[in-house]
K.L.:
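Below is a structure I'd like to ask you about.
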Amino acid sequence: MKPMKRLLAATAVAALALPAAAQDMTVVSFGGAYGAAQRTHMIDPFMAATGVNILFEDYSGGIAEIKAQVEAGNILWDVVDIEVIDLERACSEGLLEVIPRDILPPGDDGTPALEDFYPEALASECGVGVIFWSTIFAYNQNVFPDGGPKTIAELFDTEAFPGPRALRRRPQVNMEWALIADGVPKDEVYAVLSTPEGQQRAFAKLDSIRDSVVWFDSWSQAPVLLNDGGAVIVQSANGRIFDAVVQEDRPFEMVFDGQLFDLDVWAIVRGTDKIDLAHEFIAFATGTVPLAGMQDVAYGPTRRSSNPLVDPAVVPFLPSSHIDIGLKADGVFWADFGETLGEQFNEWLLR
Amino acid sequence: MADAATTPTDMRPATPGPRATAATADVALTPAERRAARAELRRNRLMAFLLVTPLLVFLTFAFIAPIATMLFRSVHSPAVAELIPATLERLSEWDGQGLPDTATRTAFASDLRTLFAERRSGRLGEEINRVLPGASSTIQGTARRLNAEDPDAVAASGAEMLSALNPAWDQPDIWRALQRAGQVYTDRFFLTALDLERTPEGAIQARTSARIYIDLYTKTLRMALTITVLTILLGYPLAFFLAQQPSGRANMLIIFVLLPFWTSLLVRTTAWIALLQTNGVVNSTLMAVGIIGEPLTLLYTEFATVLAMTHILLPFMVLPLYAVMKGIDPSYMRAAMSMGARPIRAWWSVYLPASLPGLSAGAMLVFIISVGYYITPALVGGTDGQMISNLIAFHMQQSNNWGLAAALGSLLLALILVIYFAFDRFVGASNIKLG
Amino acid sequence: MKRDWPAYFTFWHKLGALSLSWFSFVVLFFLILPILIIVPLSFNVEPFFSFTEGMLRLDPAAYSLRWYREILANPNWILAIQNSFMIGIAATVIATVLGTLAAVGMTSRYMPFKNLIMAVMLAPMIVPLIIMAAGMFFFYTRYNIAGTYIGIIMAHAALGIPFVMISVMATLSGFDRALYHAGLSMGATPVRAFMDITVPLIRPGVISGALFAFVTSFDEVVIVIFLAGPGQRTIPRQMFAGLREQINPTILAVATLLIFVSVLFLISLELLRRRSERLRGITET
């Protein structure tokens, strides 16, 4: 009977071990330098303050994974960091919970939450703003010692600036940039992109650099590609390049021209059974001090009361300091066109 | 599969057990004894079957039911029928010519407004977009603006509102798409997976927009074939060499094959990433030696996928070959060669036929495994090196088009089974041994 | 190299034999080198996947345990390691118990529908993982066992079963049933005879089948990608995410540890094989 007994004992041990590994709440964000800043200023302090155990996961953005969970009724994530460019779509497709505003505490200076937050940060009922950031591009100064591309049009100029350029594999931002590079004024980009002709125009412009593009999936790959020579120019969230320049002293130059100005919000996946805990976390993580902590990666706070805590040295690197040369990401446009253009984009990639 | 089973099952004990003797020697038995023997036989059968039952029950839930569910999902799509049941009922009376009547369009406008308020219009747009590319933005944009209107006004003059909001609603295409997507049982996922589509009249034709899936199946088969041929070219001489070695040395050298075989797939894929990336070991070595001045693009290409998969699957070729070759008496080759046959000739007429079972088993394993491979192409293949499995994963995880993923998966499953039975029929799959 | 060539060997024979051995050694190096190269790289002090100048000079300062410490410091890796072992052990236990019982049933000459049932049981070996993963996602989500340990363990047990069955059935084929019947005729109950006579004799087959099943689960990543929630991440899943998103040498350190694990497996299998041969040698006399 010995082997049988041993097998049974092993089963029993395995069965007992299972609940021990259960997690209290899963929070999902973008990883890399940004994830590290969130862990330092939001996740770890929350765990220390409440004793709640958070499993902090990385994802590479987009709404597909959230959608798969909601449609299958298999909710694995509780709180997720979403880009506003994807937020309206996720919200209008019923993938997120509505977050009541009364859970948000006043700023540390006593300003009521609704006045303390910038209006954009609370524009969608499904999210509470975490950062102001932007999609920029950056190049490696070692590759272009005489100065690299300065504008979006030059980013698309493979003759003047040869070499692989890395873009995130999605239609968002790339189609806007293609039109800007093709000469469409910034304030008309989304109107042009709403027409089939405008979409064709954007794809045609992307076609012109197609052979030089390296596609990546996750923001954290951007500085890595620029560093290891996989690309000479990369599209990136501004904070990732800032981190590589400031923390690791890399010879990267950021270009804010045509930056696509955006926010990230905390949102709650619809159908989670930990909604109260999720509210508690979001209220904590969007307090004055945790939000100010996002300056570690040059992302602007979404509360006015956090501004005095931002180091003046970081201010020139905040997207808000370059807002006049940028374009605001239109979440409503992408809510309507995300599915259509997403499919066209994927077919274009496979072509 | 059946034949693979017979190798270990086909056991003939030297001395048959006493019960077996009783059951077979029925000539000299009385009717009572025969009845007893038959009862005994039944009991033995039941006993054997009961031993297998727990596993069968388990596999039914863990494995068979999931595969059946996938097959079912490739033809079953209730989503649209659940979203707009009333519109679909009205549309079923429409003949597909011109536009549906005003009442139908108005009813749909009300449905759409409600769906948007309930945050379900995105789901509808997603489903219709798969039948009529571009329809999602029409539906979402219209729904968003209808939501701003008074519900009574929509109920009264929804048809006109639709026309005013987007000219697409004045075309029959989108209504036909609604009708088609409303079918609960559908062949449309299989049509898409085969690069086909239906004309407005319902006839099947080759897809007019991008055709990607057939190309991808062809490419997958081509890559699997390349990998199989490469593993044969590398593996056959190696197995032959190992089989010629004295057993001590062969046992030592075979470790070079077994260690990769037992090492995690992720580890081996990681190794290739470390070797092939822009500043990786291969590029820096080549540049240090001075063969190249600029790093080569090796990683994220079809080349990387084929190279890494050849490395990963080579043990699956070498091990069955070696197992068979070890059993071939070397004196045959020697005899042929000592009688003056040239080595190639001797190998061709004597050794190759004897080693064929190992070769075919290895080739089948490598081919079948590579046709369904996912991880390595996903990690080192970039955009070029993707195989059909990667597209299935894409539709599962990124585009959330599960019906299409299921249809592509069903086709892949059918393909694998055809390959398997073809191999089994022509060369016999019973020779798979991994040492 | 001194060799005893057969008398009939011409110059071309010898050249052929020599090129064969050289070619074979090249192929053996192709097989082993990518794996061995990981080991020194995992001690790189720099966050790169290539050899630095310092490493080539064998400068001790160019080597460090930095990435190994990082594994220990990262709660996600620790969880993944725990999960991999737990899921692997649980799946192995299920696959071994069910597979061994079924193997005994299947080797009985009285077993009905043998070929059909065998085909079903071995099917998890040839059906591509991506298809199983998709099917399991559809089916398991319906019963709320996706994103739970139970789902992953069931899936991995199904994958391990064919290995257990093949291994145990191979051992049973060398096992003389007369011993079992001798036990019965001396008055042992079938259960007793099975436990006291059959089990010890097939034990090497059971253990090597169990090892195969464990390694299958330990390595498996496709099903984990599709079914597991964040709480069920395993080592290969964590590696996959790392390779896709942020490549850093921690993965090389994990890979090096996994290489040692596979060396251990290889050794235990070899020991089992020898033991099994010895046991069979006894039964065959």
Side-chain angles (χ1 to χ4, degrees), chain B residues 1-2 4-5 8-9 11 13 15 17-18 44-45 48-49 51-52 54-55 58-59 62-63 65-67 69-70 73 234 237-238 241 256-258 260 262-267 270-272 274-275 277 279-281 284 314 337-338 343 368 372 374-375 379 389 392-393 396 405 409 413 420, chain C residues 8 13 16 20-21 23-24 27-28 31-32 34-35 37-38 41 49-50 98 101-102 104-108 110-112 115 117-120 122 124 126 128 130-131 134-136 138-139 154-155 158 166 169-170 173 176-178 181 219 221-222 236 239-240 243 251 255 258-259 262 265-266:
Chain B
M1 277 165 274
T9 357
M11 36 163 281
T15 46
N44 282 327
R45 282 194 167 179
F49 193 74
L51 283 169
V52 179
L55 180 54
F58 177 78
L59 278 182
F63 175 72
I67 300 283
T69 312
M70 186 198 72
R73 279 202 86 126
L234 298 175
L238 174 62
F241 172 77
F256 284 65
V257 184
L258 285 173
W262 281 98
T263 302
S264 163
L265 164 69
L266 262 300
V267 172
T270 309
W272 283 107
L275 284 169
Q277 58 167 313
N279 286 339
V281 177
S284 42
L314 190 51
M337 290 199 341
S338 66
I368 285 193
Y374 167 64
I375 291 298
L379 289 174
S389 290
I392 296 176
M396 288 296 297
L413 184 61
Y420 182 86
Chain C
Y8 54 83
H13 282 115
L20 176 69
S21 56
F23 181 79
S24 302
V27 176
L28 287 174
L31 275 167
I32 205 80
I35 294 172
I37 241 163
I38 285 188
L41 281 179
F49 266 34
S50 54
L98 296 180
L101 287 178
V104 173
M106 290 300 285
T107 42
S108 156
Y110 305 108
M111 183 64 207
N115 285 349
I117 292 176
M118 202 63 203
V120 169
L122 297 186
I126 70 155
I130 189 83
I131 291 180
M136 285 166 175
F138 294 140
F139 184 75
M154 270 172 70
I166 289 178
M169 284 168 75
S173 72
D176 189 346
R177 292 222 161 187
H181 291 296
D219 264 8
V221 59
V222 183
M239 287 179 80
F240 182 82
L243 287 173
I251 290 173
L258 288 183
I259 293 171
S262 30
F265 278 126
L266 205 56

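Throughout, a chain's letter reflects where its sequence line sits, starting with A, and its residues are numbered from 1.
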K.L.:
The test is side-chain contact (heavy atoms from CB on, under 4.5 Å); show your working for B:V267 and C:M239 and say whether it passes.
P.N.:
CA-CA 9 Å; B:V267 172; C:M239 287 179 80; 4.3 Å; yes
K.L.:
What part of C:F23 gets closer than 4.5 Å to chain B, counting heavy atoms only: side chain, backbone, both or neither?
P.N.:
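Interface part for C:F23: side chain.
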K.L.:
So which of C:I259, C:I38, C:L258 actually passes side-chain contact (heavy atoms from CB on, under 4.5 Å) with B:T263?
P.N.:
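When C:I259, C:I38, C:L258 are each tested with B:T263, the side-chain contact (heavy atoms from CB on, under 4.5 Å) holds only for C:I259.
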K.L.:
With chain C, which of B:L265, B:V257, B:T270 has the greatest number of heavy-atom pairs at distances under 4.5 Å?
P.N.:
B:T270
K.L.:
Quick check: do C:F138 and B:M396 have side-chain heavy atoms less than 4.5 Å from each other?
P.N.:
yes
K.L.:
Side chains of C:I131 and B:I67, heavy atoms from C-beta outward: is any pair under 4.5 Å?
P.N.:
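Counting from C-beta outward, C:I131 and B:I67 do come under 4.5 Å.
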K.L.:
Kindly indicate, with the supporting measurements, whether the criterion side-chain contact (heavy atoms from CB on, under 4.5 Å) is fulfilled by C:V27 and B:L314.
P.N.:
CA-CA 10 Å; C:V27 176; B:L314 190 51; 3.8 Å; yes
K.L.:
Under a 4.5 Å cut-off applied to non-hydrogen side-chain atoms, are B:L238 and C:L31 in contact?
P.N.:
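The answer is yes, as the side chains (C-beta and beyond) meet within the 4.5 Å cut-off.
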K.L.:
What part of C:L28 is in contact with chain B, defined as an atom under 4.5 angstrom from a non-hydrogen atom: side chain, backbone, both or neither?
P.N.:
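Both backbone and side chain of C:L28 come within 4.5 Å of chain B.
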K.L.:
Contact part of B:L275 toward chain C, heavy-atom cut-off under 4.5 Å: side chain, backbone, both or neither?
P.N.:
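The side chain, not the backbone.
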K.L.:
With chain B as the partner, which of C:P112, C:G16, C:A155, C:P124 has the greatest number of non-hydrogen pairs under 4.5 Å?
P.N.:
C:P124
K.L.:
For C:S24 and B:F241, which heavy atoms make the closest approach, and how far apart are they?
P.N.:
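Result for this residue pair: OG-CB, 3.0 Å.
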K.L.:
Applying side-chain contact (heavy atoms from CB on, under 4.5 Å), run through B:L266 and C:L243 and close with a yes or a no.
P.N.:
CA-CA 9 Å; B:L266 262 300; C:L243 287 173; 3.9 Å; yes
K.L.:
Compare every heavy atom of B:V52 with every heavy atom of C:A102, then report the nearest pair and how far apart it is.
P.N.:
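Heavy atoms of C:A102 and B:V52 come nearest at O-CG2, 3.7 Å.
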K.L.:
Please state whether the side chain, the backbone, both or neither of B:S264 comes within less than 4.5 Å of a heavy atom of chain C.
P.N.:
both
K.L.:
Let's test your reading of the structure: which of B:P54, B:P237, B:G372 forms the most heavy-atom pairs below 4.5 Å with chain C?
P.N.:
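Most pairs with chain C among the choices: B:P237.
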K.L.:
Report yes if the side chains of B:L59 and C:L98 come closer than 4.5 Å at any heavy-atom pair, otherwise no.
P.N.:
no
K.L.:
Test the B:R45-C:Y110 pair against the cation-pi criterion, namely NZ or CZ under 6.0 angstrom from the six-membered ring centroid and within 45° of the ring axis.
P.N.:
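Judged by the rule (NZ or CZ under 6.0 Å from the ring centre, within 45° of its axis), B:R45 is not positioned above C:Y110.
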K.L.:
Side chains of B:F58 and C:M154: closer than 4.5 Å at any heavy-atom pair?
P.N.:
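Contact flag for B:F58/C:M154 side chains = yes.
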K.L.:
Between B:L413 and chain C, which part of the residue has a heavy atom less than 4.5 Å away: side chain, backbone, both or neither?
P.N.:
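It is both, since atoms from each part get that close.
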K.L.:
Can you give me the closest heavy-atom contact between B:F63 and C:V120, atom names plus distance?
P.N.:
CE2-O, 4.4 Å
K.L.:
Which pair of heavy atoms, one from C:P34 and one from B:A271, lies closest together, and at what distance?
P.N.:
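Heavy-atom minimum between the residues: O-CB, 3.2 Å.
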K.L.:
Could you report the tightest heavy-atom contact between B:P66 and C:M136, atom names first, then the distance?
P.N.:
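Taking B:P66 first and C:M136 second, the nearest heavy atoms are CB-N, 3.5 Å.
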K.L.:
Report which part of B:A393 has an atom under 4.5 Å of a heavy atom belonging to chain C: side chain, backbone, both, or neither.
P.N.:
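Both the backbone and the side chain of B:A393 come within 4.5 Å of chain C.
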K.L.:
Should B:L55 and C:I117 count as side-chain neighbours, where that means a heavy-atom distance under 4.5 Å?
P.N.:
no
